[in-house]
Amino acid sequence: KSVEPLRFTTRAERQSILRKAGYNLFNIHADDVLIDLLTDSGTSAMSAHQWGGMIEGDEAYAGSKSFSRLEQTVKELTGFRHIIPTHQGRAAEKILFSIVGGKDRIVPNNTHFDTTRANVEMSGAEALDLPIANGLNPALKAGFKGNMDLDALASVLDNEGPQRIPLVMLTVTNNANAGQPVSMENIRQTAELCRAHGIPFFLDACRFAENAYFIKLREPGYENKTAREIAREMFSYADGCTMSGKKDGLVNMGGFLAVNDDQLAGRARNILIVTEGFPTYGGLAGHDLEAFARGLDEVLEEDYLKYRIRSVAYLGEHISAIGAPIFQPPGGHAIYIDAKAFLPHIPPHQYPGQALACELYLAGGIRSCEIGSVMFGKFDPQSGQFKPAPLEMVRLAIPRRVYTKSHIDYVVESVENVFRKRDDIKGMRIVYDPPVLRHFTATFQPL
Ligand code: F0G
């Protein structure tokens, strides 16, 4: 019913575009991109039912009907008492961590994604990643590589206690760990550990529906449950969550913070009024709230989820078949190419992931995203030594309900072209290095 044109460019044009963009794909105009796999965030196609809701959206400043619908949908799904709308996920994080974060505090997570880490750190707290060992082994095929390391968590909770740990978070699916799912057992055990220490437990729920579907496919005892029942059980163990509706809300903009704690909710709403808007719209238009409520229902339809998980796996299987290394098994929203194994001759401080992402753009006009030492690498402030990220990856994130199989086949062909010439690819050096979330604005030069 609705299409968007695609525009081809030549390799010579792309060379010049890339140079002008400082070899940072975030600086390229979308018009100059053929297949845009930069992110699955806010890039979904909405359904006719959601577009219908855009027209019906109630724009009342206070007490909007569309907010009531979103609130009802989220309460019914999560069971949380207070639903606080925000314009996107990071606004929920900012509000939460400006209340519970602060100097000398530690926030453990299976793996923080970039904005979550940045919001924890901006509050003065430490963002501590505790992924399981298997989660750092790209080639290993195992079911729930997104899990939290429970022994490591237990020892941090024993040593630091609730004075220093305001909450524990689990990111489902684990985006910085290749979109790998977290098992129900791991969610339950993380919650039990938190409860035993009197520490609240939160989900970073951006991709809760994809995680629920992996549980259905892989965890014994869940094969006959619906994705909705599984999602409800996931939320039932938590005291609250942050959510970016731009992923599994199937909307272009939207998010929320949900909590059970009345006091925390009160403080959050006070900040919300100052920074986002009144508590019944929180930085969103009524039509956004309406589309978001409808998206949260649609995302749990199993015909959709089956196609979603299967089509991402299709891309992964075909890249593997040409011999190129990917993080195994395929995750929920993206295929992560293992840039360390793809380009073993480029050391982490020469950013193999960035080099590969640029080559993919040159080869086929495909935009991807480095998730490696550009995003998470650091220079030690004392020694000045470079501390690389644990993994060097290039993420091919698949927008929901957007591309067809032939688009994806074209991506595979482009990866194959780059893979054949991999020995000639050179590393990169950073020219401009901004102080926070540097992957968005840094500029580079090929070595
Ligand atoms: N948490 C996770 C796990 C995320 O992946 C993101 C966003 C956020 C929080 C923040 O949400 O963008 O609505 O403010 N991830 C996007 C990505 C940007 O490309 O993976 P937001």
Side-chain angles (χ1 to χ4, degrees), residues 24-26 30 36-44 84-98 107 109-122 127 129 131 135 146 148 167 169-182 202-211 234 238 240-258 275-276 282-284 288 291-292 295-296 312 327 331-336 353 357 367-372 374-376 391 393-400 402 436-441:
N24 184 335
L25 300 170
F26 282 97
D36 204 343
L37 308 184
L38 183 68
T39 179
D40 64 319
S41 180
T43 51
S44 304
I84 298 164
T86 58
H87 78 275
Q88 63 184 98
R90 70 196 70 182
E93 294 166 358
K94 167 81 181 148
I95 291 170
L96 179 63
F97 291 112
S98 62
V107 178
N109 196 321
N110 48 350
T111 318
H112 291 83
F113 198 59
D114 59 353
T115 60
T116 327
R117 168 171 289 281
N119 276 304
V120 170
E121 289 176 350
M122 245 173 69
D129 290 342
M148 174 85 85
L167 57 84
M169 219 168 193
L170 255 182
T171 306
V172 296
T173 57
N174 191 338
N175 189 8
N177 242 71
Q180 298 293 310
V182 178
F202 273 60
L203 290 175
D204 175 341
C206 300
R207 299 178 179 87
F208 73 94
E210 289 167 5
N211 200 89
M234 286 163 54
C241 74
T242 54
M243 172 75 192
S244 166
K246 300 172 72 173
K247 286 80 166 171
D248 275 351
L250 296 176
V251 281
N252 307 121
M253 194 52 73
F256 59 79
L257 168 66
T275 59
E276 290 274 303
L284 292 167
D288 291 328
F292 191 4
L296 284 170
V312 172
F327 195 104
H333 66 294
I335 292 303
Y336 293 63
R367 176 151 68 172
S368 56
C369 180
E370 193 262 12
I371 300 202
V374 174
M375 194 179 275
F376 293 117
L391 297 162
M393 298 186 289
V394 171
R395 183 181 74 174
L396 306 172
I398 315 297
R400 292 168 183 77
V402 172
V436 278
L437 294 174
R438 67 175 178 175
H439 49 289
F440 288 123
T441 52

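Remember, it's 1-based here, ligands and their atoms both numbered in the order they're listed.
- Every side-chain contact (heavy atoms from CB on, under 4.5 Å) that Cys206 has, sequence neighbours left out, goes to Asp204, Ser244, Lys247.
- Residues that satisfy the ring pair (Phe, Tyr, Trp, His ring centres under 6.0 Å) test with Phe97, not counting sequence neighbours, are absent from this structure.
- Under the side chain to side chain contact (heavy atoms under 4.5 Å, CB included) rule, Cys369 has a single partner from Thr39, Leu38, Val394, which is Leu38.
- With sequence neighbours left out, the salt bridge (Lys or Arg N to Asp or Glu O under 4.0 Å) criterion links Arg367 to Asp36.
- In this structure, the side chains of Met169 and His112 stay at 4.5 Å or more apart for every pair of heavy atoms.
- The closest side-chain donor-acceptor pair between Asn175 and His333 falls under 3.5 angstrom.
- Within 4.0 Å of ligand 1, contacts by protein heavy atoms are made from Thr39, Ser41, Gln88, Gly89, Arg90, Glu93, Phe113, Thr115, Thr116, Thr171, Asn175, Asp204, Cys206, Arg207, Ser244, Lys246, Lys247, Arg395.
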